[in-house]
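To start, the structure itself, in structure tokens.
Keep in mind that the numbers below use all heavy atoms, side chains included, and drop hydrogens, waters and symmetry copies. Proteins come first, then strands; the chains are lettered A, B, ... in the order of their sequence lines, and each starts at number 1.
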There are 2 protein chains.
Amino acid sequence: MTDLSDTTPEREQALNQALEALFYAFNALVAHPDAMLAEQNLSRVHHRILYFVGRNPGVSVNDLLGILGVTKQSLNAPMRRLAELGYVRADTDAADRRVRRLSLTPAGQALESVLSGDQRARFARVFARLGAADEAGWRRVMAGLAEDEGLT
Amino acid sequence: MTDLSDTTPEREQALNQALEALFYAFNALVAHPDAMLAEQNLSRVHHRILYFVGRNPGVSVNDLLGILGVTKQSLNAPMRRLAELGYVRADTDAADRRVRRLSLTPAGQALESVLSGDQRARFARVFARLGAADEAGWRRVMAGLAEDEGLT
DNA sequence: GCTAAAATGTCAACATGACTGACCTATCTG
DNA sequence: CAGATAGGTCAGTCATGTTGACATTTTAGC
């Protein structure tokens with residue numbers, strides 16, 4: 001079953017099911033947060049900003065551009081919107097006044113907690129039901145997929 | 001570790017790592033096919049069409065719209081392009097001449113095989129290295145995430 | 001202290017892609 | 001024949017992302 005040289009139609013179908021499982025799980029995970037964001041006319045980009053600013057309070061705008069892999073022009077609009085809605089604050093750095101240190105307001109933390117919390121809760125329920133062994137196996141497979149990036 | 005009532009910061013961080021692992025794995029999986037598609041000015045939509053038509057030869061356009069969850073207007077352009085490039089053919093149904101039966105040409109099958117084959121190979125390598133137990137655990141977790149869709 | 005460079009923000013022009021709405025042909029069904 | 005169905009297309013709109021150019025503020029080097 002785990003032989004690399006197994007190229008039977010059955011194995012190919014099993015791998016196709018793995019492909020589809022990844023896509024379905026991904027969609028299931030973002031569906032509800034996307035719907036909540038849409039109620040405020042926000043999108044997944046805003047969630048990504050909230051998530052990374054939340055986990056890296058004090059990041060500069062430039063750092064965030066690198067993390068998100070977007071241009072400053074495309075970050076500008078969603079970031080301004082998040083600031084207007086009172087979810088993100090940008091404080092001038094004390095030492096270097098050119099730099100803005102980004103952080104979440106309490107409201108921003110609350111929103112981020114609801115959005116990512118929904119996703120964490122999905123994982124928590126599944127992990128709790130299936131047990132530590134499956135969770136560990138899942139993590140090893142996901143890490144393996146991410147590492148494998150360099151190959152053809 | 002798998003207790004649902006575990007709301008410690010450590011557990012929350014472990015769940016965040018699970019979230020990130022899913023996103024990184026997803027990106028790693030689509031990166032190379034996306035790059036190959038871009039060389040022909042195609043995108044992920046075209047791959048989705050090739051994948052579903054390849055696994056459901058003879059589907060009607062309407063069926064495909066339902067599977068992909070898009071409008072016929074947005075399917076029209078990529079589908080026409082795939083037909084022009086000789087990857088997809090649309091044969092009139094013998095019984096009901098209103099209906100087009102979609103299928104892949106040999107060239108379309110070859111392209112789809114390269115694109116999805118790259119993704120299957122990534123899974124095959126990781127599964128082969130980690131073993132059947134981790135593969136089974138991974139599949140159970142992914143299935144659980146997809147099923148869990150209905151909750152808050 | 002003057003100058004070059006860095007960090008940020010903004011404006012304009014353009015491309016993409018998806019959506020809705022409207023309309024059309026061809027075909028089937030009652 | 002009348003209405004419904006499968007498919008295709010045109011037009012308008014909207015959201016988002018990109019590049020390029022430019023201004024401001026501030027820092028750092030000489």
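- Between the C1' atom of dG17(C) and the CZ atom of R44(B) lies a distance of 14 Å, rounded to the nearest Å.
- Here the side chain of S116(A) pairs no donor or acceptor atom with the backbone of S113(A) at under 3.5 angstrom.
- Using cut-offs of 30° and 60° for the angle between ring planes, the F123(A) and F127(A) rings count as tilted.
- Remark: T71(B), Q73(B), S74(B) in residues 71-84 of chain B come within less than 4.0 Å of DNA chain C through at least one heavy atom.
- The separation between N62(B) atom CG and dT27(C) atom P is 17 Å, rounded to whole Å.
- At a threshold of 4.0 angstrom between heavy atoms, the contacts of S43(B) with the nucleic acid are absent.
- Residues T8(B) and D6(B) bring a donor and an acceptor atom of their side chains to less than 3.5 Å of each other.
- Residues Y51(B) and E20(A) have side chains that bring a donor and an acceptor to within less than 3.5 angstrom of each other.
- Between the CG atom of L65(A) and the C1' atom of dT18(D) there is a distance of 14 Å, given to the nearest Å.
- Between D93(A) and V70(A), the one whose closest nucleotide on DNA chain D sits nearer the 5' end is V70(A).
- Put simply, CZ on R98(A) is 10 Å from P on dT26(D), counting in whole angstrom units.
- Backbone-only contact: A95(A) has heavy atoms under 4.0 Å from sugar-phosphate atoms and none from a base.
- No side-chain N or O of E147(A) forms a donor-acceptor pair with one of Y24(B) less than 3.5 Å apart.
- In this structure, D34(B) pairs ionically with R44(B), as a charged nitrogen and a carboxylate oxygen lie closer than 4.0 Å.
- Rounded to whole angstrom, the span from the CZ atom of R48(A) across to the C1' atom of dT16(D) amounts to 14 Å.
- Picking from dG17(D), dT27(D), dC28(C) the nucleotide with the shortest atom distance to the side chain of V45(A) gives dG17(D).
- Between the side chain of R97(A) and the base of dT26(D) there is no donor-acceptor pair of N/O atoms closer than 3.5 Å.
- Straight-line distance from the NE2 atom of H46(A) to the C1' atom of dA15(D): 11 Å, rounded to whole Å.
- For the pair L37(A) CG and dT16(D) P, the computed distance is 11 Å after rounding to whole Å.
- Taking the six-membered ring for Trp and thresholds of 30 and 60 degrees, F26(B) and F23(A) have ring planes more than 60 degrees apart, a perpendicular arrangement.
- The CZ-P distance, from R100(A) to dT27(D), rounds to 11 Å in whole Å.
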